[in-house]
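Written below as structure tokens is the structure these notes are about.
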Amino acid sequence: MNRLSDSALAARVAFDIPDGAYVNLGIGKPTHVSAYVPEGREVIYHSENGILGVGPTPPEGEEDVEMIDASKRYITTAPGASFFEHSDSFAMMRGGHLDIAVLGAYQVAENGDLANWATLDQKFPPAVGGAMDLVVGVPKIFVMMQHTNRDGSPKLLRKCTYPLTGLGVVSRVYTDLAVLDVTSEGFRLVELTKGNSLTDVQAVTEATIHA
Amino acid sequence: MNRLSDSALAARVAFDIPDGAYVNLGIGKPTHVSAYVPEGREVIYHSENGILGVGPTPPEGEEDVEMIDASKRYITTAPGASFFEHSDSFAMMRGGHLDIAVLGAYQVAENGDLANWATLDQKFPPAVGGAMDLVVGVPKIFVMMQHTNRDGSPKLLRKCTYPLTGLGVVSRVYTDLAVLDVTSEGFRLVELTKGNSLTDVQAVTEATIHA
Amino acid sequence: MDKRVNTLAEAVAPIQDGASIMIGGFGSSGIPFGLIDALLEHGAGELTVISNNAGAGETGIAKLLKGGRVAKVICSYPRSPGSIWFEKRYEADEIELEVVPQGTLAERIRAAGAGIGGFLTPTGYGTLLAEGKETRVIDGRGYVMEAPLHADFALLRAERGDPWGNLSYHGTARNFNPVMATGARHSIAEVRHVSSDPLAPESVVTPGIFVQSVVEYGVRP
Amino acid sequence: MDKRVNTLAEAVAPIQDGASIMIGGFGSSGIPFGLIDALLEHGAGELTVISNNAGAGETGIAKLLKGGRVAKVICSYPRSPGSIWFEKRYEADEIELEVVPQGTLAERIRAAGAGIGGFLTPTGYGTLLAEGKETRVIDGRGYVMEAPLHADFALLRAERGDPWGNLSYHGTARNFNPVMATGARHSIAEVRHVSSDPLAPESVVTPGIFVQSVVEYGVRP
């Protein structure tokens, strides 16, 4: 099967982010989306630690440990940026003011349930961060992930088996194999990565994909 | 009976405001208290409309309609002042951060109940402002008022007959005739205006005054 | 991104009959007089006005009341010296009134903006204003459950603004403006000085995400 | 009014064994490293630490964990690259852990500072972190009732401060510092630049009423 590279996947997500959108990019792969937003679109990035208007990485030697994003990467400000404190930052998230959040996931269920904060492995202490706040507050939750686990087991399920982050919150899933919307009838195919067939993609997906 | 003048009453209240206190002065007579705080004490005045550090009235001609207190009087800033918005201002009040509020009252009951926002007269639309927030949030509520109504009827009662502002919230009452603490057993005399006897003051007080 | 519009009329154009509108201001400070005048001109009626006061004299909210545009007022203090138009409409039973303690009003608006479904406040417990409301006692202290208060629009007054919708304020003119910006679905800011350069990020009081349009109106009353 | 103290040691002196302590910071930003070092030196133990993270490497909260001073951690994200001292104590069952979603953590602290007795948040509804909690459904949306989170002390990091305790911050170093200032009974601020002149009233982020002492500590890590 044809698989999008990480950068091609980031570019595919970026293509769907409209001009003027307020966007939160989750830690990990989603942070790379901003690099691929098409020219001519102004997107305002929010980071949960208290900034709206995250700008590009500073040049080497100009890093400031008190200018970071939620992934703890060094940042600068974009024009029109503002700083605020945590309860205001999460009011912004929970209150429905952002337009889109892009998040990674362990599992997504066909009813939009998301599991992205804990596995069943009891060895690690639980750690949730801001994920639960984002998913209840942001109207469009885009998930960006590999279509399957490394062992080939499916991540797009009828029902999540890992602890949930939020119930029925996912709008769209972008994987290396396909783009799928979450609808009232379940996953609906938006597009296949070039060269893939629905039959092939369905074979590595536990939930039914509606054409 | 001997009655304190309004200015003497304001000075009596001011005498009990310690150095370093954060104080909210209610609209009307309580606003005059600040003029009488003894020399050498720094008191920080809060006004519900979003300022900590209310300073004196500006010189004539230098008034700014966007620099006012809760009584809508023109103000300046004192050293160390700060501005903030309404939900923060009331968080400060409700959250117990101020030390003292000085308020007027229609009635005070011996259990500390306060009635200062509405009478039984249905002609006027109700108007509460910030009084209910102050009384639940500020640890020391000082009431400053005439001991009786103009017709001589008592304002210090066994039970308030007007709609309540707060339950059991008053700490101390300053009137033109006496100063009284609210205790678990009811009103307790702190002092009489010079020349008055407890018998005389009790005669114009519905509730019992404990000596 | 450019949220600037050229005229007050353009800024208030989206407001329809029956809209709920938060209006910033306390006393003489932070009232969007220009937007209120434009709204009167614009003509929308049957409005629900959410504000601390209910107007005084013949300006601001009093003008909307005089013009018969207001169906309901939600406020903490409708009576001010000179609130004659409110009193006239109220006595004639032409408007509905909901009185909310001032801090509860601010907190209900904040809850709407912050996605909070309700909160327990000690304010008003045991009083007339808590009648019919859910209450509970925690550690011996009484609380009233209050609901978020949303609005379709907010009319704001700020001192400085930029094309991204960022706002800062002067003196005691912040009052309800920043919290109302968060509680309304569409917030419109009348700003004394609008720059084309962005405000300094540390100086922003209302981040632009809460503001849908900005119009310059240089008059400070 | 002068809330300035001369040394970090003097600032943390009131902290006793068993105290609950909010500690500002997120990632590398806004952590009061100087106060944490002074607290370690001071010697108080059996602490409950309320913070977003549980430390990383050998500095900050990790130092308190390494030193065995922490009985309980309340945070949203205890696992960071290099949070070895947290992991060591957790695996050895030497500390108690309460994980709270980040926005709920901030809002619970705000509720404590604002006198709110509890609030309904949609965050976490239907998840493990809502187990055992009161929930309700309003207009088809599920909410969890969350309680205020108070603390005895807050250790804060700010950029500028004045004798009245007013604070302002640099960049993304605000994070939990302003809200923690409100939620603790005694807030101590480590400040990069302390002036004897007051901060400009419009520039104050944390009003001095929330701050009990201010100590200059010029190092920005």
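In the text below, chain A, chain B and the rest are named by the order of the sequence lines, each starting its count at 1.
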Distance, nearest 0.5 Å, that separates CZ of D:F210 from CG of B:L52: 8.5 Å
How about [atom1] on [X], more than 12 heavy atoms from neighbouring residues, nucleotides or ligands closer than 6.0 Å, or not?
{"X": "D:E41", "atom1": "CD", "answer": "no"}
{"X": "B:K140", "atom1": "NZ", "answer": "no"}
{"X": "B:E60", "atom1": "CD", "answer": "no"}

Between D:P207 and B:S82 the two heavy atoms that sit nearest each other are CB-OG, 3.4 Å
Heavy-atom pair of closest approach, residues D:V204 and B:A81: CG2-O, 4.1 Å
B:F83 portion near chain D, given a 4.5 angstrom heavy-atom threshold: both
If you count heavy-atom pairs under 4.5 Å between each of D:N166, D:D162, D:L199 and chain B, which one has the most? D:N166
Within residues 90-116 of chain B, contacts to chain D at heavy-atom distances under 4.5 Å involve B:A91, B:M92, B:R94, B:G95, B:H97, B:L98
Please report the C-alpha distance between D:W164 and B:I44 in whole Å, then the side-chain angles of each, then the deciding distance to 0.1 Å, and finally whether the side-chain contact (heavy atoms from CB on, under 4.5 Å) criterion is met. CA-CA 10 Å; D:W164 291 267; B:I44 311 255; 3.8 Å; yes
Going by residue number, which parts of residues 110-137 of chain D are within reach of chain B, meaning a heavy-atom gap below 4.5 Å? D:R110, D:G113, D:A114, D:G115, D:I116
